[in-house]
Participant: 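If you scroll down you'll find the structure; I have some questions about it.
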Amino acid sequence: MAYSLTPDLMTGNTLIDSEHRQLIDAINGLLDACSKGKGREEITRTMKFLQDYTKKHFGDEERLQLSSDYPDYTNHKSYHAYFIKKVDELSARLAKEGPSVAIVAEINRALADWLFNHIKTQDVKVAAHIRSREGK
């Protein structure tokens, strides 16, 4: 089952949505590899991408929040820190244990669940705030 940037995941901010699309593409790439029996081969590359790209994406989002005086910046930043830590923990576990069907499934589930929940509950608020500030 591939994920897509459905309307409920669109924030309306071009930068945020394009970066979310890249994150979803990475998760979909892993899912596609899994469906072809190549998930264990793809997981290390996907995790490296996610470690690097989430830091870039979260940095971009946080700069947008600061420049628009987003009132919940500190709380939002803590969500990002949690996710970065989770990705790093899963990467370390992957390096220690090696790729297995179980860890590939756990990574897929943990990343997709957190990311989609975060977009729907937090990022939409950030984008709405930015839009409200653009008219001023």
Side-chain angles (χ1 to χ4, degrees):
M1 176 193 104
Y3 296 104
S4 61
L5 202 57
T6 55
D8 62 325
L9 295 172
M10 298 291 289
T11 67
N13 181 282
T14 305
L15 175 64
I16 293 172
D17 288 341
S18 70
E19 290 185 355
H20 286 166
R21 187 170 283 109
Q22 291 179 47
L23 290 167
I24 291 169
D25 287 348
I27 294 168
N28 283 337
L30 178 57
L31 288 172
D32 184 55
C34 289
S35 73
K36 295 174 182 169
K38 299 179 186 278
R40 287 186 270 189
E41 297 157 20
E42 182 67 22
I43 190 69
T44 302
R45 183 172 51 231
T46 300
M47 289 305 293
K48 176 64 177 142
F49 169 81
L50 288 171
Q51 280 185 296
D52 295 341
Y53 199 76
T54 52
K55 290 172 183 136
K56 178 208 179 306
H57 170 62
F58 292 158
D60 289 344
E61 268 190 16
E62 290 165 12
R63 279 186 291 284
L64 287 170
Q65 290 173 44
L66 288 171
S67 68
S68 69
D69 295 319
Y70 184 60
D72 200 29
Y73 168 78
T74 302
N75 196 37
H76 197 107
K77 185 176 171 88
S78 72
Y79 294 135
H80 289 171
Y82 167 82
F83 189 69
I84 288 169
K85 181 179 176 191
K86 183 72 172 171
V87 170
D88 288 345
E89 287 171 354
L90 288 168
S91 292
R93 193 170 141 213
L94 176 65
K96 181 180 177 188
E97 297 173 16
S100 67
V101 171
I103 196 167
V104 170
E106 182 181 342
I107 288 169
N108 265 328
R109 185 179 56 257
L111 299 181
D113 287 352
W114 186 92
L115 181 64
F116 295 130
N117 182 58
H118 181 76
I119 292 169
K120 290 177 184 179
T121 62
Q122 299 303 317
D123 289 348
V124 293
K125 291 186 224 177
V126 171
H129 175 77
I130 292 168
R131 279 192 307 278
S132 76
R133 303 291 291 200
E134 288 172 347
K136 294 183 179 182

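If you read the sequence from its start, that first residue is 1, and numbering goes on from there.
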Participant: As an exercise, state the distance from CD of Glu19 to OH of Tyr53, rounded to the nearest 0.5 Å.
Facilitator: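 Interatomic distance, Glu19 CD to Tyr53 OH, rounded to 0.5 Å: 4.0 Å.
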
Participant: Tell me the closest heavy-atom pair linking Ala26 and Thr46, and the distance in Å.
Facilitator: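 Answer, listing the atom of Ala26 first, then Thr46: O-CG2, 3.9 Å.
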
Participant: According to a 4.5 Å side-chain heavy-atom criterion applied to Ile, Leu, Val, Met, Phe, Trp and Tyr, with indirect links allowed, do Tyr3 and Val124 form part of one hydrophobic cluster?
Facilitator: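 Different hydrophobic clusters.
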
Participant: More than 12 heavy atoms of other residues, nucleotides or ligands under 6.0 Å from NZ of Lys48: is that the case?
Facilitator: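 For Lys48, atom NZ is not crowded (no more than 12 foreign heavy atoms under 6.0 Å).
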
Participant: On a heavy-atom basis, which atom in Lys125 and which in Tyr70 lie closest, and how many Å separate them?
Facilitator: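 Minimum heavy-atom contact is CB-OH, 3.5 Å.
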
Participant: Minimum heavy-atom separation for Lys86 and Ala110, please, with both atom names.
Facilitator: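 Shortest heavy-atom separation between Lys86 and Ala110 comes out as CE-CB, 4.2 Å.
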
Participant: Before you tell me yes or no, could you show the steps for Tyr79 and Trp114 under side-chain contact (heavy atoms from CB on, under 4.5 Å), namely the whole-Å CA-CA distance, both residues' side-chain angles and the distance that decides it to 0.1 Å?
Facilitator: CA-CA 10 Å; Tyr79 294 135; Trp114 186 92; 4.2 Å; yes

Participant: Could you tell me the separation between the CD1 atom of Ile27 and the CZ atom of Phe49, rounded to the nearest 0.5 Å?
Facilitator: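 Atom-to-atom, Ile27:CD1 and Phe49:CZ are 9.5 Å apart.
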
Participant: Using 0.5 Å steps for rounding, measure from the CG atom of Leu23 to the CG atom of Asn28.
Facilitator: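 Here the rounded value is 11.0 Å.
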
Participant: Is any side-chain heavy atom of Met10 closer than 4.5 Å to one of Arg21?
Facilitator: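 Yes; the side chains approach each other to less than 4.5 Å.
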
Participant: Would you mind listing every side chain to side chain donor-acceptor pair (under 3.5 Å) that reaches into residues 7-18, with sequence neighbours excluded?
Facilitator: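 Non-adjacent pairs meeting side chain to side chain donor-acceptor pair (under 3.5 Å): Thr6-Asp8, Asp8-Lys120, Thr11-Asp17.
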
Participant: Give the minimum heavy-atom separation between Arg131 and Gly12, together with the two atoms involved.
Facilitator: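 Arg131 and Gly12 have their closest heavy atoms at NH1-CA, 3.9 Å.
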
Participant: How many angstroms lie between CG in Leu9 and CZ in Phe116, if you round to the nearest 0.5 Å?
Facilitator: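 These two atoms lie 6.0 Å from each other.
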
Participant: Please examine the side chains of Arg93 and Ile107, heavy atoms only from C-beta on, and report whether any two atoms are closer than 4.5 Å.
Facilitator: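 With C-beta onward as the side chain, the pair stays apart.
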
Participant: With a 4.5 Å heavy-atom cut-off, do Ile43 and Met47 have their side chains touching?
Facilitator: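 A side-chain contact exists here, since the closest heavy-atom pair is under 4.5 Å.
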
Participant: Roughly how far, to the nearest 0.5 Å, is CG of Leu115 from CD1 of Ile24?
Facilitator: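 Taking CD1 in Ile24 and CG in Leu115, the distance rounds to 6.0 Å.
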
Participant: If we only count heavy atoms from C-beta on, is the Glu42 to Lys38 side-chain gap below 4.5 Å?
Facilitator: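 Counting from C-beta outward, Glu42 and Lys38 never come under 4.5 Å.
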
Participant: Considering residues at least two apart in sequence or located in another chain, which fulfil the ring-ring contact (aromatic ring centres under 6.0 Å, His included) criterion with His76?
Facilitator: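 Applying ring-ring contact (aromatic ring centres under 6.0 Å, His included) to His76 gives His80, His118.
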
Participant: Side chains of Leu111 and Phe83, heavy atoms from C-beta outward: is any pair under 4.5 Å?
Facilitator: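 The answer is yes; the side chains approach within 4.5 Å.
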
Participant: Look up atom NZ in Lys77 and atom CG in Asn75, then write down how far apart they are to the nearest 0.5 Å.
Facilitator: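 Reported to 0.5 Å precision, the distance equals 12.5 Å.
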
Participant: Determine whether Ser67 and Arg133 make a side-chain contact, defined as any pair of heavy atoms from C-beta on separated by less than 4.5 Å.
Facilitator: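 No, every pair of side-chain atoms sits at 4.5 Å or beyond.
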
Participant: Under the ring-ring contact (aromatic ring centres under 6.0 Å, His included) rule, what pairs show up with a residue in residues 15-38, not counting sequence neighbours?
Facilitator: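 Only His20-His57 qualify under ring-ring contact (aromatic ring centres under 6.0 Å, His included).
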
Participant: Give a yes or no on whether a salt bridge exists between Lys85 and Asp88, defined as a side-chain N under 4.0 angstrom from a carboxylate O.
Facilitator: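 No, Lys85 and Asp88 are not salt-bridged.
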
Participant: Do Glu61 and Gln65 make a side-chain contact, defined as non-hydrogen atoms from C-beta onward lying under 4.5 Å apart?
Facilitator: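 Side chain of Glu61 against side chain of Gln65, heavy atoms only: contact under 4.5 Å found.
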
